[in-house]
J.: 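Following this message is one structure expressed as structure tokens.
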Amino acid sequence: MKMALQTKTLTLVQAITDGLDIMLEDREDVILLGEDIGTNGGVFRVTEGLQKKYGEHRVIDTPLSEAGFVGAAIGMAANGFRPVVEIQFLGFIYPAYEQIMTHASRLRMRTMGHFTVPMVIRAPYGAGVRAPEIHCDSTESIFTHMPGIKVVCPSNAYDAKGLMIAAIEDPDPVLFLEPMRSYRSSREEVPEGKYTVEIGKGNKLTHGDDVTVIAWGAMIPVAMKAAEEMKQKGVECDVLDLRTLYPIDKDLIIQSVQKTGRTVIVHEAHETGGTGSDLISLINDEAFLYQKAPAERVTGFDAPVPYFGFEEYYLPTPKRVAAAIEKVMKF
Amino acid sequence: MKMALQTKTLTLVQAITDGLDIMLEDREDVILLGEDIGTNGGVFRVTEGLQKKYGEHRVIDTPLSEAGFVGAAIGMAANGFRPVVEIQFLGFIYPAYEQIMTHASRLRMRTMGHFTVPMVIRAPYGAGVRAPEIHCDSTESIFTHMPGIKVVCPSNAYDAKGLMIAAIEDPDPVLFLEPMRSYRSSREEVPEGKYTVEIGKGNKLTHGDDVTVIAWGAMIPVAMKAAEEMKQKGVECDVLDLRTLYPIDKDLIIQSVQKTGRTVIVHEAHETGGTGSDLISLINDEAFLYQKAPAERVTGFDAPVPYFGFEEYYLPTPKRVAAAIEKVMKF
Amino acid sequence: MEKLFPIIRVIDQGGNVVSDEHKELVTEERVKSFYSEMARIRMFDRKAISLQRQGRIGTYAPFEGQEASQVGSALALEGDDWMFPTYRDHGAAMVFGHSLRNIFLFWNGRNEGCIPPDGKKIFPPAIPIATQIPHAAGAAFAEKQKGTKNAAICYFGDGATSEGDFHEGLNFASVFKSPVVFFNQNNQYAISVPVSRQMNSATIAQKAIAYDMPGVRIDGNDVFAVYLETSRALERARNGEGPSLIEAMTWRYGAHTTADDPAKYRNQDESAMKRAETDPLLRLERWLKNEGLFDEAWVKEIEEKAAMEIDAAVREMESYPPADPAVIFDYVFAKSTWTIEKQKREYLKLIGSDGR
Amino acid sequence: MEKLFPIIRVIDQGGNVVSDEHKELVTEERVKSFYSEMARIRMFDRKAISLQRQGRIGTYAPFEGQEASQVGSALALEGDDWMFPTYRDHGAAMVFGHSLRNIFLFWNGRNEGCIPPDGKKIFPPAIPIATQIPHAAGAAFAEKQKGTKNAAICYFGDGATSEGDFHEGLNFASVFKSPVVFFNQNNQYAISVPVSRQMNSATIAQKAIAYDMPGVRIDGNDVFAVYLETSRALERARNGEGPSLIEAMTWRYGAHTTADDPAKYRNQDESAMKRAETDPLLRLERWLKNEGLFDEAWVKEIEEKAAMEIDAAVREMESYPPADPAVIFDYVFAKSTWTIEKQKREYLKLIGSDGR
Ligand SMILES: Cc1ncc(C[n+]2csc(CCOP(=O)(O)OP(=O)(O)O)c2C)c(N)n1
Ligand SMILES: Cc1ncc(C[n+]2csc(CCOP(=O)(O)OP(=O)(O)O)c2C)c(N)n1
Ligand SMILES: [Mg+2]
Ligand SMILES: [Mg+2]
């Protein structure tokens, strides 16, 4: 649903702020909670100015207590609010894992829809910004495996705003992953006012008949760079921005793979148990006979995200992606 | 390493008790912690008699505090002990998820081996015993995705004892999943004394050239029943008991799939993000051209494990597995 | 600490009102109403145990011995308040208006059992220990944000105080002055672990100090003390004075659940003794006798009424439509995802008409 | 509560010993030794900030203002004790014997920085808030199990008290009488959130009551009060009397980290005022002046010595071998799994000699 009339130039951070701002304005039941999101405007300035504009009762600094405020937000959501909670970094969501796993994602099922949890959990994620350890985790698949919660991850300002508005309007919990590496790396024209990007729909960024490259979030620029390099060598890629990690946009992927027969998947998360495995399984299920080569994964290793002195070795690079593209081409 | 002389007939529960007993006897640094494991002998009687035998300082009832006692066990492990902690049911491990994710599994890496966490986390898991909700989760893949911890899951008494001893002797943290549905469902000859089953090695239970069926834990009897039924119909299966979920026994799987070209994977966990996806990816990586049909998964659904009135619908059945075997045969 | 938090009592074990200031509170009407609610839920509890033994429901968590705590606290609530029970607080839930049929359904593994009657704000029982405490803090905070006078009550056991969620929930509520009453039933065991090994503190009430919130310790087998202190805490909550912590000292006579054997970890004579001395129903019976108001026929009458109600609920539970596998798939999200739809389609096709 | 937990002080802001009983404690030798350690770590802190500004290390968490808390507590330890620091406690770690080079390496994103000198039981700084608290409870319990007299000190901030791990760690330690000192530096902010919004309680020390453990509040800028109370708590620990909680009231002058701008959430004049009035170094300087013992030359000398040590550490850090990608793979397990081996092989092959 696009009803954009005018646009403005925004970074990804600003686009999220804009989406939050619009929804705070639009719906009285929207309420923001998190550590340092009030006076301080968030450690990444995502909520900058919002407490001033909407008051301390709408934009709330919480104690340092992820299980506590996520749990409280579940109670608030079941009691008529639409809380948007900020986890300061995805690596600090683990203390709230039980609340998300056993309650946020299950309350609808447990009560057959009598109580629901229309809540958004925002979390910056990913490496590449020289942050201390744990600040760099990319553990989306421990949430995609959790039935009852959707997981989205925009790579650009337009999607960020549209997905944020869609997430807040969604009747179920949504984990909203924010690629910190892309927070301010570029600016884009973003429509003024309210619009949504549909949860569950990916986006084709480039068109090519040779290889399907699937990525999301901060890996999009990496995938794009590799695809460009390969284009110089005559290999043309469909670069797909997954945008939603659960539920995955099956049609987009299958159509592309049925055309190309070759797939490269790029993600920061560890290979084992990563979303790449789900994508390969999807192709196995839906496009088996179209495959011309085994799908390749370019991922973080089966090692903890290292201290930042080593992160350049850990993170997928255009070079690694290009090598994978070459490999599926040569198979 | 088998050095069995005499054997005794044990259930899976008793085999675990035996393994713990031997290790408590064998090594002074082994110490058991958990809720109700002392006087009460554990809610499943796994630690029955051990406190009496080894004393309150070796078999310790903890407060109801998973993060607290797992965290404390990390401190103890780093300070010379080999704690074996019991999580009463896998569904109650989530409060300790942060401790396991950010510390147990990372301390070696963070300190380049200076501090280590030789700890075993035991947890009964799985549905099918008419237990209340959350008691039935089978969320192994949120741990296989976590670098720095191994995950094992025996299906029978022999493996249970041997893997328990191996897990305690392992220099790194091991999550030891116990299929409660199989705790007392059969008895087996188990060697007296100490022996180990190597972590990382699966086991071929039946031999057949047509289909590779991969399962573990409580799904082994389900897979075996389906394989037997299919044998009546002339379809012969390699039934592989994975035993270790991380690291997976690549060679066992690949050799079998290279022979059969057809795979059926059975697990209780939800399909999306499940270990089934990893197995399909492994086959994609290592046996792509040998595949005669897309691998099939028979799994728990992308829905929370339901209240027990519905669990028979949720759990994989021999019928579902047999249908999958037929499907890969017909492809 | 025990001195700082003396056990508050209105009626002693002999059935005597301990202080003149409470004489007015203890009326015949109230005594009879409290008594009959306690008798009713006790009968439910016993029925449930017997159903479990017969395999007609699943594992069950009995509360016999804790009736005063559950009845006194639930009767202090207003209809628009919130209740956050655990698996052992369906006594309170029934008193607050939950449907007996649904409670039986819950214990028979049916999600339908988690649905409270229309307009009744009763959360499904929390199974993971202490997780409901932040929910209550949040739901109550939401009432405050809406500007209502509604409050929440949150039940939990002594063992639950060791979990991080207890601490985080109480801290949240105290910082935001959530109108919530944290009602602890200290039945002195968490399964097999006695409270002395659960914590180093002599009381649970003193933990309120960590949050600068009022904490009281009461005789949880004295339904009037429970009613009185819960009412006070609720009033404080409604007046914007924030949360309170109540520690109700009580005891479960039976097993932790029907899967548990208490003889393994405690001397059951102690329970027998408690039953003879501190039983919550006996205490009111003694008061009635002391006042010359005890009437066997009345007791019989209320018991018969309760039995009929409970039997009807059992019948309703047992004639309830069988579990529909579609339930597994249809309530994960408001609108199912394609993976769920696909799994449902394939599964229903496979099981076909034989339903398996 | 503030009355129950008065702020304990040995030397007041004017540099006077407040009570006769402590006159013996405050010797010239101790004052000079404490002062020089504080000056040394303050210089380290300033150097680190400047290195960060020049891009020579990564984001850095400064502790200036908290030197007394870190020095007084670390000097109270014995060599065989355990230390569990956070990201802001490398002052304490240095005093306890950590290598300055390694601390710089840590802040430059190198795992090598987490390795303490041989025999020094210093855990790597905890980044996820409060997670180290259960570790300390457990490591200390292990010492008790081994029958040693060793204790542990665990550092954490005011914000950390809101996490479940704080509660579970203290509960564990109190139940098992772990020989551990929970040393809270209440610098009154958790990034931007003031302690008044972090908790409803007037003090952190009172939270000890929840665990029936001793709790004290001290002037965390008074290095002698810190030393005295930490020593007392450690002695209790070694004597088998279990854990204690110390709340050291202090203040960080600067930003939360070099990525933070404190002007956004607090008036920096307050910091300037505190620096003038309550600074931990100034206080000892005043004592020395009061006693006629202050010696500019001596100060210069210790500062020069510290500067040399720090500069040497910077050089060592900067000439340290570059990050070896193998480190990522080689320390996940004692023996790598095949997935890790495969990933390593393929990666090293791909990056080849250009190292990228
Ligand atoms: C997080 C978690 N850990 C463990 C359990 C298993 N368990 C169920 S009830 C119980 C004891 C609870 O004790 P208490 O809080 O005192 O409540 P009571 O059962 O006595 O009413 C335990 C350990 C659980 N349900 N949740
Ligand atoms: C679990 C977790 N949540 C959030 C953060 C982000 N964070 C880092 S420091 C900090 C504030 C800590 O405050 P306090 O405990 O008072 O210690 P101080 O920084 O003042 O020394 C926060 C919120 C974190 N590191 N870990
Ligand atoms: Mg209890
Ligand atoms: Mg602080």
Side-chain angles (χ1 to χ4, degrees), chain A residues 28-29 31 33 57-58 60-81 83 95-96 98-99 101-103 105-118 147-150 170-173 199-200 244 246-251 278 282 285, chain C residues 82 84 106 110-116 118 121-128 130-146 150 152 154 163-165 167-176 178 180 327-342:
Chain A
E28 276 197 16
D29 54 3
I31 189 164
L33 296 116
H57 64 297
R58 306 268 324 266
I60 301 178
D61 276 328
T62 63
L64 215 178
S65 163
E66 288 80 5
F69 70 75
V70 169
I74 291 169
M76 296 174 74
N79 191 6
F81 283 87
E98 179 183 41
Q99 283 291 345
M101 175 61 116
T102 65
H103 292 289
S105 64
R106 297 194 208 205
L107 191 60
R108 175 186 293 279
M109 179 281 296
R110 296 169 71 212
T111 62
M112 296 174 70
H114 186 86
F115 293 114
T116 59
V117 185
I149 188 167
K150 297 173 186 169
D170 198 279
D172 287 301
I199 294 175
T244 294
Y246 186 85
I248 283 173
D249 188 343
K250 180 179 66 161
D251 296 340
D278 280 329
L282 175 63
D285 292 354
Chain C
W82 283 84
F84 292 84
F106 171 81
R110 297 293 294 268
N111 301 45
E112 294 89 341
C114 287
I115 304 174
D118 259 5
K121 300 180 230 161
I122 306 176
F123 241 53
I127 298 288
T131 51
Q132 76 281 16
I133 299 177
H135 304 162
F141 179 55
E143 291 295 335
K144 186 182 159 204
Q145 293 270 100
K146 293 179 191 172
N150 303 332
C154 181
E163 290 281 8
D165 274 2
H167 175 66
E168 299 195 27
L170 266 69
N171 190 53
F172 186 98
S174 72
V175 167
F176 294 108
S178 296
V180 52
V327 166
I328 295 181
F329 304 98
D330 291 351
Y331 297 95
V332 185
F333 293 103
K335 193 173 160 309
S336 275
T337 60
W338 69 263
T339 61
I340 298 171
E341 278 306 315
K342 181 179 172 221

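Below, read A as the first sequence line, B as the second, and so on, with proteins coming before strands; counting in each chain starts at 1. Note that this is a predicted model, so its numbers are computed, not measured.
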J.: Run A/N79 and C/F141 through side-chain contact (heavy atoms from CB on, under 4.5 Å) and show every step you take.
T.: CA-CA 9 Å; A/N79 191 6; C/F141 179 55; over 6 Å; no
J.: Heavy atoms only: give me the nearest A/F115-C/I122 pair and the separation to one decimal.
T.: CE1-O, 3.2 Å
J.: Would you give the length of the straight line joining atom CG of A/D29 to atom NZ of C/K146, rounded to the nearest 0.5 angstrom?
T.: 10.0 Å
J.: Determine the option with the most heavy-atom pairs under 4.5 angstrom with chain C, choosing from A/V70, A/T62, A/I149.
T.: A/I149
J.: Could you look at A/D285 and say if it's the side chain, the backbone, both or neither that has a heavy atom under 4.5 Å from chain C?
T.: side chain
J.: With distance as the sole test, does C/N111 use its side chain to make a donor-acceptor pair with the main-chain N or O of A/M109 at under 3.5 Å?
T.: yes
J.: Taking the side chain as everything from C-beta on, heavy atoms only, tell me whether A/P63 gets closer than 4.5 Å to C/V175.
T.: yes
J.: Main chain of A/I248, side chain of C/W338: is a donor-acceptor contact present, judged purely on distance under 3.5 Å?
T.: yes
J.: Please report the shortest heavy-atom distance between C/V332 and A/G148, naming the atom on each side.
T.: CG1-N, 3.5 Å
J.: Specify the closest pair of heavy atoms between C/A334 and A/P171, including all atoms of both residues, with the distance to one decimal.
T.: CB-CG, 3.5 Å
J.: Can a donor-acceptor pair be found, under 3.5 Å and without considering hydrogens, that links the side chain of A/E98 to the backbone of C/T131?
T.: no
J.: Indicate yes or no: at least one non-hydrogen side-chain atom of A/P247 is less than 4.5 angstrom from one of C/I340.
T.: no
J.: Below 4.5 Å from any heavy atom of chain A, which atoms of C/F123 appear? Answer side chain, backbone, both or neither.
T.: both
J.: With a 4.5 angstrom heavy-atom cut-off, could you sort out which part of C/F333 is near chain A: side chain, backbone, both or neither?
T.: both
J.: Rounded at 0.5 Å granularity, tell me how far OG1 in A/T102 sits from CD in C/Q132.
T.: 10.5 Å
J.: At their closest point, which heavy atom of A/A67 faces which heavy atom of C/D165, and how far apart are they?
T.: CB-OD1, 3.4 Å
J.: Find the one option among C/P116, C/A137, C/G169, C/A126 whose heavy-atom pairs under 4.5 Å with chain A are most numerous.
T.: C/P116
J.: Tell me, please, which residues at least two apart from A/H103 pass ring-ring contact (aromatic ring centres under 6.0 Å, His included).
T.: C/H135
J.: Which heavy atom of C/E168 sits nearest to which heavy atom of A/S65, and what is that distance?
T.: OE1-OG, 2.7 Å
J.: So which of A/E28, A/M76, A/K150 has the biggest tally of heavy-atom pairs under 4.5 Å with chain C?
T.: A/M76
J.: Are C/F172 and A/F69 close enough that their ring centers fall under 6.0 Å?
T.: no
J.: The criterion is ring-ring contact (aromatic ring centres under 6.0 Å, His included); which residues satisfy it with C/Y331, sequence neighbours excluded?
T.: none
J.: If you measure from CZ on A/R110 to CD1 on C/I127, what distance do you get to the nearest 0.5 Å?
T.: 7.5 Å
J.: At a 4.5 Å cut-off on heavy atoms, which part of C/K342 comes close to chain A: side chain, backbone, both, or neither?
T.: side chain
J.: With chain A as the partner, which of C/S178, C/A140, C/P128 has the greatest number of non-hydrogen pairs under 4.5 Å?
T.: C/P128
